[in-house]
Amino acid sequence: MIKAQRGTKDIYGDESVVWQWIFENAKTVFQNANFTEIKTPIFEATELFNRGVGDSTDIVNKEMYTFSVGGADKNATSITLRPENTAGVVRSYIEHNFNRQSPPQKFWYFGPMFRYERPQAGRQRQFHQAGVELFGIKDATADAEVIITAINFLKSLGLNDLEIELNTLGCPKCKNDYRNSIKAILAPYLEDLCDDCKMRYEKNPLRILDCKNENCKKIFETEEIKEVILKDYICDECKEHFEELKNYLNELNIKYSINKMLVRGLDYYNRTVFEIKSEALGSQSAVCGGGRYDGLVEMLGGAPTPAVGFAMGVERLYTLINKPTPQKIDFYVVSTNIKEAMKLTQELRQNNKSAEFDMQKRKFSKQLEKASKISKYAIILGEDEIEKGYYSLKDLSTGEQKQIKSFEELINF
RNA sequence: GCGGGUAUCGCCAAGUGGUUAAGGCCCCGGAUUGUGGUUCCGGUAUACGUGGGUUCGAGUCCCACUACCCGCCCCA
């Protein structure tokens, strides 16, 4: 038997109904905030992710679905299934000269992403992200706007008490100073760090701060190192930006905590970074991650453009929310006169009511039994009803039954 | 890429070398020939992840593979 590929899954039945509900909430909340939907292709030139996501990242180094199309042709191109969507949106932004429109330009998206990772709870190879990207605003108002939009989306799903972790990485210069200082102070301790941290030391030193290894954590507690970690390398301008953001969040009554260890794994972030986590997710605890990426548009060939955004993991949202109970259909037409049942069902559907009838031509009691399982009301269409021209409407939750004289009355019930 | 666990009908699940692999849910039919949800009776199904091996005999023991779950890493 051919099975779904590892790390992928079919979404159907009640689960699909919940997914639709999540999508509708995303659409409503994002569009209320004046973000417009952008659908970019599932695959892009590999080069886009190499440059956009960054070739020091695990995503680019070992997790991309990359293949070449065009066979042996000299013009064969290397394409990659998108592992995230920011690079694609930025590509589109540049390609269509969105910078010629007045800022801010605000986009939202919802769709599948692909990473070749070892699947586990909250982690699949094909997964979905809902997110927003906001271009053209340097001010911290944009950071606040993006964060409040994330909060509003979570609230719409009934997730009210997830707290935000916030940090600032500073501009490229601050980031660089910080990185060099961390490297310098840790150099003598390098041998004592875990193997992962030794690798991070070369590749992405800031990620060392995120290490969960107990021994490493202990090393970070020593006075001279702690001092460097906590010391501010953030320049005045970046500091002011961060203060401004915190003020806005306070005004908006958004709870957050500062986590100086929060360092995100994608190369393009600068200044503001944030995550929203939940213990309930287990080890893959982040349901949302985002931040500012002022250099990315320029790096991919566009005009210098400040930008900020976030992405939510839809599968992770799914595990957190209280699932709404699936709705029953409006009407089930119960009749042994199959033609009349068919006709009435069609008329109901044309009047925007969900309706079903028994295609198996089963006996009356079986039809009613089925109706009670999937429908709110049964419309009984027997010989008497057809002859005299009325409908018997039975409320299947209470058992109450009444006569309805006209079709208009029926659909307005 | 590294470590640990699991795998029996659509779902849950008994089974610890010996007829024909329990049971429950779901589904279908009957009791009830135009009134469901309760109850009772009956019924369907290509179920032992895949491939080898040991044995007179394997769902059960051994080996390999695959998938899923849980951690590490990374990320949403």
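None of the values given here were measured: they were computed from a predicted structure. In what follows, chains carry the letters A, B, and so on, assigned in the order in which the sequence lines appear, proteins first and then strands, with residues in each chain numbered from 1.
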Interatomic distance at P, B/A21 relative to B/C9, whole Å: 15 Å

Is there a donor on the side chain of A/Gln401 or the base of B/U35 sitting less than 3.5 Å from an acceptor on the other? yes

Between A/Tyr293 and A/Glu133, is any side-chain donor less than 3.5 angstrom from a side-chain acceptor? yes

To the nearest Å, give me how far apart CD1 (A/Ile59) and C1' (B/C73) are. 13 Å

Sort out the partner of B/C61 for me: Watson-Crick or G-U wobble, both distances under 3.5 Å, none otherwise. B/G53

Might you work through the side chain to side chain donor-acceptor pair (under 3.5 Å) test for A/Tyr390 and A/Asp384, ending with a clear yes or no? CA-CA 8 Å; A/Tyr390 69 95; A/Asp384 196 51; 2.7 Å; yes

When rounded to whole Å, the OH to P distance for the pair A/Tyr12 and B/G10 reads 11 Å

What one-letter contact string describes nucleotides 65-72 of chain B from 5' to 3', where B marks a base within less than 4.0 Å of any protein heavy atom, S marks contact via sugar-phosphate atoms alone, and - marks no contact? --SS-SBB

Phosphate contact (B/C27 OP1 or OP2) by A/Lys373 side-chain N/O below 4.0 Å: yes

Using atom P of each nucleotide, how far apart are B/G1 and B/U46 to the nearest Å? 38 Å

Taking atom types as modelled, is there a side-chain donor on A/Thr66 or A/Thr80 under 3.5 Å from an acceptor on the other? yes

Quick check: on RNA chain B, is the nucleotide nearest A/Lys363 upstream (toward 5') of the one nearest A/Leu368, or the reverse? Name the residue that is more 5'. A/Lys363

If you take the centroid of each ring, where Trp contributes its six-membered ring, are A/Trp108 and A/Phe30 closer together than 6.0 Å? yes

What is the distance from CZ of A/Phe364 to C1' of B/U32, rounded to the nearest Å? 13 Å

How many Å lie between CZ on A/Arg125 and C1' on B/C73, as a whole number? 15 Å

Quick one: look up who B/U46 pairs with, Watson-Crick or G-U, both distances under 3.5 Å, and put none if it's unpaired. none

Does any nucleotide pair with B/A21 by Watson-Crick or G-U wobble geometry, both distances under 3.5 Å, and what is it? none

Atom pair distance, as rounded to whole Å: CG in A/Asp395 and C1' in B/U35: 14 Å

What contact category does A/Gly382 fall into here, base, sugar-phosphate, or nothing, at under 4.0 angstrom with non-hydrogen atoms? base

Could you check whether A/Glu369 pairs with A/Arg362 (Lys NZ or Arg NE/NH1/NH2 to Asp/Glu carboxylate O, under 4.0 Å)? no

Would you say the side-chain atoms of A/Thr272 and A/Asp143 include a donor-acceptor pair closer than 3.5 Å? yes

Applying a 4.0 Å non-hydrogen cut-off, can you work out what A/Ser397 is touching in the nucleic acid: base, sugar-phosphate, or nothing? base

Same-atom distance (P) from B/G15 to B/A22, integer angstrom: 14 Å

Please report the distance separating the P of B/G18 from the corresponding atom of B/A13, rounded so that it comes out in whole Å. 23 Å

How is A/Leu317 classified with respect to the nucleic acid when contacts are heavy atoms under 4.0 Å: base, sugar-phosphate, or nothing? nothing

Please work out whether the ring planes of A/Tyr116 and A/Tyr65 are parallel, tilted or perpendicular, with thresholds of 30° and 60°. perpendicular

Which nucleotide in B/U35, B/G36, B/C74 has an atom nearest any side-chain atom of A/Asp58: B/C74

How would you label the contact of A/Ala371 with the nucleic acid (heavy atoms, under 4.0 Å): base, sugar-phosphate, or nothing? nothing

Rounded to the nearest angstrom, tell me the gap between atom CG in A/Asp384 and atom P in B/U35. 14 Å

Taking any strand in view, what nucleotide pairs with B/U39 in a Watson-Crick or G-U wobble way, both distances under 3.5 Å? B/A31

Walking RNA chain B from its 5' end, the first of A/Lys366 and A/Glu400 to be reached, judged by nearest nucleotide, is A/Lys366

For atom C1', what is the distance between B/U55 and B/G17, given to the nearest Å? 9 Å

In whole angstroms, how far is the C1' atom of B/G36 from the CZ atom of A/Arg362? 12 Å

Students often get this wrong, so: under 4.0 angstrom with heavy atoms, is A/Gly131 touching a base, only sugar-phosphate, or nothing? nothing

Within the structure shown, what part of the strands sits under 4.0 Å from A/Gln360 by heavy-atom distance: base, sugar-phosphate, or nothing? nothing

Given the C1' atoms of B/A14 and B/C2, what is the spacing between them in whole Å? 36 Å

Basic-acidic side-chain contact under 4.0 Å: A/Lys277, A/Glu165: yes

Please give the nucleotide sitting opposite B/G3 as a Watson-Crick or G-U wobble pair, both distances under 3.5 Å, or none. B/C70

A/Glu37 and A/Lys39 ion-paired at < 4.0 Å: yes

Distance between P atoms of B/G10 and B/A47 (Å, rounded): 8 Å

Taking the same atom, P, in B/G59 and in B/A7, what whole-Å distance lies between them? 16 Å

Can you measure A/Lys277 atom NZ to B/C75 atom C1' for me and round it to whole angstrom units? 11 Å

Between A/Thr8 and A/Gln126, a side-chain donor and acceptor under 3.5 Å: no

